[in-house]
Colleague: 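Provided herewith is a single structure, encoded as structure tokens, for subsequent inquiry.
Just so we're on the same page: letters track the sequence lines, and every chain starts at 1.
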Amino acid sequence: MITKTISSALSGALEDLGVTVLPAQINLEQPANKEHGDWSSNIALVTAKNAGWNPRELAAKIVETINSNLPSGIENVTVAGPGFINFALSPQWLHQVLLAVLEQGTKEFGRTNIGKGKKVNVEFVSANPTGPLHAGHARGACYGDSIANILTAVGFEAQREFYVNDRGLQMGLFAESLLARKSGNQIPENGYAGAYIEEWSEEMPDDLSLEETLDWGCSYAQGDQRETLEMIGIVFDAWFSERSMVDSGAIERTMNDLMKNDASYLKDGATWLNSSEYGDDKDRVLVKSDGEFTYLTPDVAYHRDKFSRSEWLINVWGADHHGYIARMKAAMEALGHDAGQLTIAITQLVKLVRGGEEVRLSKRHGDIIELREIVEEIGPDATRFSYLLQSVDTKQTFDLDLAASQVMDNPVFYVQMAHARLRSIQAKAESLGVWPAMPLDADLSLLTHERELELLRDLYNFTDLVQLAARELAPHKIAVWLRELATSVHGFYHDCYVVGDDISQQLTSARLQLVEAARIGLVSGLDLLGVSAPDSM
RNA sequence: GCCCCCGUAGCUCAGCUGGAUAGAGCAACGGACUUCUAAUCCGUAGGUCGCAGGUUCGACUCCUGCCGGGGGCGCCA
């Protein structure tokens with residue numbers, strides 16, 4: 001690609017000047033300000049000191065050298081500011097980008113193989129099967145699903161997994177709450193009092209034992225959660241049952257192996273994990289003095305199971321679990337796993353606002369906003385896009401009134417509208433018989449309008465962007481890029497007519513190529529977020 | 001007290017491994033529809049990037065210390 005040409009021109013010039021640089025030091029970037037050219041290098045600023053030059057002088061020498069033998073595709077090279085070297089290219093390189101996008105199509109565009117097929121397990125949501133999913137779960141759900149998409153796009157083999165805590169204290173309280181509600185008794189202390197408990201208990205068969213209630217409630221809740229997730233297009237490859245590890249003996253084996261590795265000990269009638277040996281603040285209880293496991297113990301066994309199936313584990317946890325990271329990594333190391341292959345992605349809390357007031361999230365009380373309600377209110381696409389629009393590192397304010405009533409404020413419509421507009425251009429071209437019978441010899445050099453070039457620059461950036469989003473597990477970067485691409489599309493749509501009497505046939509066919517390329521861009525980006533690209537709005 | 005996240009325009013947020021004059025949407029103001037969807041486009045206005053030091057040719061970005069907001073520090077899950 002063109003960046004290689006520029007890099008080698010730079011390193012050649014530096015060599016001629018007797019300045020030695022490593023290829024890795026040559027760093028090219030696309031300046032934010034278009035007046036600074038298409039590509040820019042700071043190499044003179046970086047190397048000047050060691051070479052004993054003034055940065056601007058060095059840059060001038062480099063430019064002189066490159067200009068004496070200007071590579072094709074580069075229109076001019078200049079020195080600017082404190083010593084930047086700016087390259088202006090002929091639009092031809094962007095036309096190459098267009099051809100590449102068309103050739104790749106929606107199935108290939110933006111995809112690479114840096115993951116080399118490495119297996120990654122993405123565990124997310126993992127809500128207790130004691131109630132419906134709420135607005136807070138949704139952030140982790142959209143995020144986890146999207147990073148699995150992105151990791152797949154860069155060549156990993158991603159598996160989506162949901163860990164079901166179908167045993168333990170909370171399950172017991174849930175079952176007791178259902179039974180109490182069913183028989184009209186008082187909900188037990190610390191039990192579940194949400195309105196859904198009443199609705200669910202009415203669905204429940206009569207005269208169930210506590211154990212049967214637990215089974216029934218668990219599968220009912222799981223079914224409800226599964227259904228809600230499917231409403232926003234999230235389908236898990238595996239639902240891993242905590243209880244199954246009791247039956248299989250996995251938990252006992254894990255306890256034994258921890259003991260064998262001197263990672264656990266008895267104290268005060270409880271069994272402890274020696275986690276402080278592995279960087280945790282303190283040791284943690286694995287088996288309580290009453291003989292029950294803590295939450296940690298089955299989870300350790302579970303992670304171990306995941307490691308037997310995948311090389312890299314990603315857990316998406318809420319901010320309230322961050323204190324749990326150190327002990328889990330400690331346990332993995334104690335069991336001989338590489339804690340570096342366990343990545344914990346923390347999503348900050350979602351603050352729900354309705355009517356200007358904060359809505360508290362608590363499953364134990366009645367006032368939860370269910371994910372199902374949100375999806376029914378604003379639709380799956382707006383739900384997913386809204387949750388993915390900002391970094392999970394920041395706490396999110398989700399304004400339900402805004403999302404429901406002022407749809408125009410919602411960027412998802414802006415992006416989807418861009419796609420619908422491109423489709424309508426194609427539909428018109430189709431009705432005139434000039435599409436999709438596209439002439440492959442369209443003269444792309446006709447694409448010189450700034451709107452057209454802007455579109456191509458956006459498309460050029462996509463592949464690197466997907467890799468960055470994968471590296472940082474940051475789907476919001478895709479969402480931000482989509483808004484930029486949509487802005488370019490709307491600008492192009494406005495200023496560059498594609499099909500019409502006063503547009504030459506040559507220009508029409510060149511622009512039709514661009515329309516399809518931009519469309520491929522929108523579809524590819526939206527796909528990674530799990531948002532649809534409708535033909536009309 | 002310790003740990004994690006955040007602090008950027010009136011509001012909601014971007015800002016890539018440090019780069020040139022800090023960006024976008026909404027809200028405000030002013031323009032653009034005989035045309036492929038005006039659910040759009042163009043322009044104006046709006047900033048001490050929480051504060052103070054440090055590193056650097058260069059800091060919103062990295063380091064340290066404060067201040068402010070949120071979350072977590074159980075033999076709960």
Side-chain angles (χ1 to χ4, degrees), chain A residues 27 29-33 35-36 40 42 44-46 48-49 54-56 80-84 86 128 130 165 168-171 173 190 267-272 281-282 284-296 299 318-326 346-349 351 389-399 402 406-411 413-414 416-418 420-429 431-432 451 461 464-465 468-469 471-472 474 476-477 479-481 483-484 487 489-503 511 515 536-537:
Chain A
N27 181 20
E29 60 175 40
Q30 294 171 282
N33 188 336
E35 286 167 26
H36 296 143
S40 174
N42 62 354
L45 292 161
V46 177
K49 203 173 188 179
N54 162 310
R56 252 199 96 97
F84 290 102
N86 294 337
N128 286 348
T130 55
N165 300 116
L169 184 69
Q170 292 302 321
M171 278 310 292
L173 284 167
N190 296 324
K267 192 182 101 183
D268 303 332
T271 309
W272 295 70
D281 296 346
K282 45 187 151 183
R284 308 290 173 174
V285 172
L286 291 164
V287 184
K288 297 186 271 182
S289 51
D290 66 2
E292 288 288 325
F293 296 126
T294 61
Y295 178 82
L296 176 64
D299 210 9
D320 54 341
H321 280 64
H322 116 267
Y324 198 75
I325 297 173
I346 295 292
T347 65
Q348 295 300 314
L349 299 186
K351 186 172 118 183
L389 201 50
Q390 64 181 270
S391 161
V392 292
D393 286 341
T394 67
K395 95 183 153 187
Q396 184 170 35
T397 303
F398 205 111
D399 190 327
L402 196 72
Q406 286 179 268
V407 282
M408 275 160 60
D409 293 350
N410 197 324
F413 292 98
Y414 184 83
Q416 289 186 317
M417 186 64 196
R421 283 182 142 180
L422 296 178
R423 283 309 252 180
S424 96
I425 293 172
Q426 291 180 335
K428 178 158 180 187
S431 73
L432 297 172
R451 297 290 204 180
N461 291 331
D464 284 348
L465 179 87
L468 182 68
R471 207 156 47 234
E472 298 188 1
H476 77 277
K477 288 181 187 292
V480 169
W481 178 84
R483 291 172 81 171
E484 282 167 13
T487 298
V489 167
H490 285 303
F492 166 78
Y493 182 90
H494 193 267
D495 289 352
C496 301
Y497 225 71
V498 176
V499 186
D501 293 341
D502 49 350
I503 310 293
R511 284 184 171 166
V515 164
S536 65
M537 302 282 295

Colleague: Do Pro82(A) and Pro55(A) touch side chain to side chain, with heavy atoms closer than 4.5 Å?
Modeller: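 The answer is no; the side chains never approach within 4.5 Å.
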Colleague: Mind checking the CD-NZ spacing from Glu472(A) to Lys477(A)? Nearest 0.5 Å is all I need.
Modeller: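 The CD atom of Glu472(A) sits 4.5 Å away from the NZ atom of Lys477(A).
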Colleague: Both Gln426(A) and Gly269(A) contact RNA chain B. Taking the nearest nucleotide for each, which residue is further toward the 5' end?
Modeller: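 First, find each residue's nearest nucleotide; the 5'-ward one identifies Gln426(A).
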Colleague: Using the aromatic ring of His476(A) (for Trp, its six-membered ring), decide whether it stacks on the base of A14(B) within the limits of 5.5 Å and 30°.
Modeller: no
Colleague: Starting at atom CZ of Phe84(A), determine the distance to atom P of G18(B), rounded to an integer number of angstrom.
Modeller: 13 Å
Colleague: As a test of reading the structure: which of C16(B), G72(B), C73(B) is closest to the side chain of Glu472(A), going by heavy atoms?
Modeller: C16(B)
Colleague: Using atom C1' of each nucleotide, how far apart are G18(B) and C76(B) to the nearest Å?
Modeller: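 Result for the C1' pair: 44 Å, nearest Å.
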Colleague: Could you tell me whether the phosphate oxygens of G58(B), OP1 or OP2, come under 4.0 Å of any side-chain nitrogen or oxygen in Arg56(A)?
Modeller: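 Answer no for this pair, as no side-chain N or O of Arg56(A) is under 4.0 Å from OP1 or OP2.
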Colleague: Could you tell me the separation between the NZ atom of Lys477(A) and the C1' atom of G15(B), rounded to a whole number of Å?
Modeller: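 It works out to 8 Å between those atoms.
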Colleague: When you check the phosphate oxygens OP1 and OP2 of G69(B), does a side-chain N or O of Lys351(A) lie under 4.0 Å from one of them?
Modeller: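 Answer is no, no contact under 4.0 Å.
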Colleague: With distance as the sole criterion, do the side chain of Ser289(A) and the base of C75(B) form a donor-acceptor contact below 3.5 Å?
Modeller: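 Side chain to base: pair present.
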Colleague: Rounded off to whole Å, could you give me the CG-to-P distance for the Asp299(A) and C76(B) pair?
Modeller: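 These atoms are roughly 16 Å apart.
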Colleague: Side chains of His490(A) and Met417(A), heavy atoms from C-beta outward: is any pair under 4.5 Å?
Modeller: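 Yes, side chains in contact.
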Colleague: What's the closest nucleotide to the side chain of Val499(A) if the choices are C36(B), G71(B), A39(B)?
Modeller: C36(B)
Colleague: Counting any heavy atom closer than 4.0 Å, what does Ala270(A) reach on the DNA or RNA strands: base, sugar-phosphate only, or nothing?
Modeller: base
Colleague: Of all the nucleotides listed (C73(B), A20(B), A39(B)), which has the minimum atom distance to the side chain of Ser40(A)?
Modeller: A20(B)
Colleague: Would you compute the distance between atom CG of Asn128(A) and atom CG of Leu169(A) and round it to the nearest 0.5 angstrom?
Modeller: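 Atom-to-atom, Asn128(A):CG and Leu169(A):CG are 10.5 Å apart.
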Colleague: Tell me whether the side-chain N or O atoms of His322(A) pair up with the base of G71(B) as donor and acceptor below 3.5 Å, since no angle test is needed here.
Modeller: yes
Colleague: When we call it a touch if two heavy atoms are under 4.0 Å apart, what does Arg284(A) touch: a base, just sugar-phosphate, or nothing?
Modeller: nothing
Colleague: Roughly how far apart, to the nearest Å, are A45(B) and G54(B) at atom P?
Modeller: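 Here A45(B) and G54(B) have their P atoms 35 Å from each other.
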Colleague: Kindly state whether the pair Tyr414(A) / A39(B) counts as stacked, where counting means centroids closer than 5.5 Å and planes tilted less than 30° apart.
Modeller: no
Colleague: Whom does C57(B) pair with, Watson-Crick or G-U wobble, provided both distances fall under 3.5 Å?
Modeller: G19(B)
Colleague: Under 4.0 Å between any heavy atoms, over every strand shown, what does Arg511(A) touch: base, sugar-phosphate, or nothing? Just pick one.
Modeller: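 Nothing: the residue Arg511(A), judged by heavy atoms under 4.0 Å, touches no strand.
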Colleague: Does the structure show a Watson-Crick or G-U wobble partner for C36(B), both distances under 3.5 Å? Name it, or say none.
Modeller: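 For C36(B), the partner nucleotide comes out as none, under the 3.5 Å rule.
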Colleague: Would you compute the distance between atom CZ of Arg423(A) and atom CD of Gln416(A) and round it to the nearest 0.5 angstrom?
Modeller: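 Answer for the CZ-CD pair, Arg423(A) versus Gln416(A), is 14.0 Å.
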Colleague: Does Val480(A) reach a base, just sugar-phosphate, or nothing at all? Heavy atoms under 4.0 Å.
Modeller: sugar-phosphate
Colleague: Rounded to whole angstrom, note down the P distance from U40(B) over to C51(B).
Modeller: 35 Å
Colleague: Counting just side-chain N and O atoms, does Lys395(A) come under 4.0 Å of either OP1 or OP2 of G7(B)?
Modeller: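 No, because none of the side-chain N or O atoms of Lys395(A) sits under 4.0 Å from OP1 or OP2 of G7(B).
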Colleague: Below 4.5 Å, heavy atoms only, C-beta onward: do Lys351(A) and Phe398(A) meet side chain to side chain?
Modeller: no
Colleague: Considering only G19(B), C73(B), A32(B), which nucleotide approaches the side chain of His494(A) most closely?
Modeller: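 So the nucleotide nearest the side chain must be A32(B).
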Colleague: Expressed in angstrom and rounded to an integer, what is the separation of Met537(A) atom CE from U40(B) atom C1'?
Modeller: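 The answer, rounded to whole Å, is 13 Å.
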Colleague: Which residue, Asn42(A) or Lys267(A), contacts RNA chain B at a nucleotide closer to its 5' end, judged by nearest heavy atom?
Modeller: Asn42(A)
Colleague: Determine the interatomic distance between C1' on G46(B) and the same-named atom on G30(B); round to the nearest Å.
Modeller: 15 Å
Colleague: Ignoring hydrogens and angles, answer whether the base of A20(B) and the side-chain atoms of Asn86(A) contain a donor-acceptor pair closer than 3.5 Å.
Modeller: yes
Colleague: Counting only Watson-Crick or G-U wobble pairs whose two distances fall under 3.5 Å, which nucleotide matches C73(B)?
Modeller: G1(B)
Colleague: Take atom P in C60(B) and the same atom in C4(B), then report the distance between them in whole Å.
Modeller: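 The same atom, P, in both gives a distance of 24 Å.
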Colleague: Any non-hydrogen side-chain atom of Asn165(A) less than 4.5 Å from a side-chain atom of Met171(A)?
Modeller: no
Colleague: Using a heavy-atom cut-off of under 4.0 Å over every strand shown, decide if Asp268(A) touches base, sugar-phosphate, or nothing.
Modeller: base
Colleague: Name the pairing partner of C11(B), where a pair is Watson-Crick or G-U wobble with both distances under 3.5 Å, or state none.
Modeller: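 Its partner is G25(B).
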Colleague: Does Lys288(A) have a side-chain nitrogen or oxygen under 4.0 Å from the phosphate oxygens OP1 or OP2 of G74(B)?
Modeller: no
Colleague: Quick check with a 6.0 Å cut-off and a 45 degree axis cone: is Arg451(A) positioned over the face of Phe492(A)'s six-membered ring?
Modeller: no
Colleague: Taking the side chain as every heavy atom from C-beta outward, state whether Leu286(A) and Trp272(A) have any atom pair closer than 4.5 Å.
Modeller: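 Leu286(A) does not reach Trp272(A) side chain to side chain.
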Colleague: At under 4.0 Å between heavy atoms, what does Leu349(A) touch on the DNA or RNA strands: base, sugar-phosphate, or nothing?
Modeller: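 Sugar-phosphate contact only - Leu349(A) comes under 4.0 Å of backbone atoms but never of a base.
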Colleague: As a test of reading the structure: which of A38(B), G25(B), C16(B) is closest to the side chain of Tyr493(A), going by heavy atoms?
Modeller: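 It is A38(B).
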Colleague: Using 30° and 60° as the class boundaries, would you call the ring planes of Tyr295(A) and His321(A) parallel, tilted or perpendicular?
Modeller: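 Answer is perpendicular, since the angle exceeds 60°.
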Colleague: Specify the separation, in whole Å, of atom CH2 of Trp272(A) and atom C1' of G74(B).
Modeller: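 My rounded result for the distance is 10 Å.
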Colleague: Applying a 4.0 Å non-hydrogen cut-off, can you work out what Ala326(A) is touching in the nucleic acid: base, sugar-phosphate, or nothing?
Modeller: nothing
Colleague: In whole angstrom, give the distance that lies between atom CG of Leu389(A) and atom P of G15(B).
Modeller: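 Roughly 11 Å, once rounded to whole Å.
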Colleague: For Ala80(A), report the nucleic acid contact type (base, sugar-phosphate, nothing); a contact means any heavy atom under 4.0 Å.
Modeller: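 Contact class for Ala80(A): base.
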Colleague: From C16(B), C36(B), C57(B), pick the nucleotide closest to the side chain of Lys428(A)?
Modeller: C36(B)
Colleague: If anything within 90° of 0 is syn and all else is anti, what is C62(B)?
Modeller: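 For C62(B), whose glycosidic angle is more than 90° from 0, the conformation is anti.
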Colleague: For the C1' atoms, the ones on A27(B) and on G10(B), what distance do you get once it is rounded to whole angstrom?
Modeller: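 8 Å, rounded to whole Å.
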Colleague: Within this structure, what is the CD1-to-C1' distance between Ile346(A) and G70(B), rounded to whole angstrom?
Modeller: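 Atom-to-atom, Ile346(A) to G70(B), this comes out as 14 Å.
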Colleague: Is the phosphate of C13(B), meaning OP1 or OP2, less than 4.0 Å from a side-chain N or O of Thr397(A)?
Modeller: yes
Colleague: U8(B) and C49(B): how far apart are their C1' atoms, nearest whole angstrom?
Modeller: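 Their C1' atoms lie roughly 4 Å apart.
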Colleague: Does any nucleotide pair with C41(B) by Watson-Crick or G-U wobble geometry, both distances under 3.5 Å, and what is it?
Modeller: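 Checking every strand shown, C41(B) finds its partner in G31(B), with both distances under 3.5 Å.
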Colleague: Quick one: the side chain of Thr294(A) and the base of A77(B), do they pair up donor-acceptor inside 3.5 Å?
Modeller: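 There is none.
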Colleague: Say you pick atom P in U48(B) and the same atom in C29(B); how far apart are they, in whole Å?
Modeller: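 Pairwise P distance, U48(B) against C29(B), rounds to 24 Å.
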Colleague: Is there a side-chain polar atom (N or O) of Gln390(A) under 4.0 Å from OP1 or OP2 of C13(B)?
Modeller: yes
Colleague: CD of Gln170(A) versus C1' of G74(B): gap in Å, rounded?
Modeller: 13 Å
Colleague: With a 4.0 Å limit, can you tell me whether Arg471(A) has a side-chain N or O closer than that to the phosphate oxygens OP1/OP2 of C16(B)?
Modeller: no
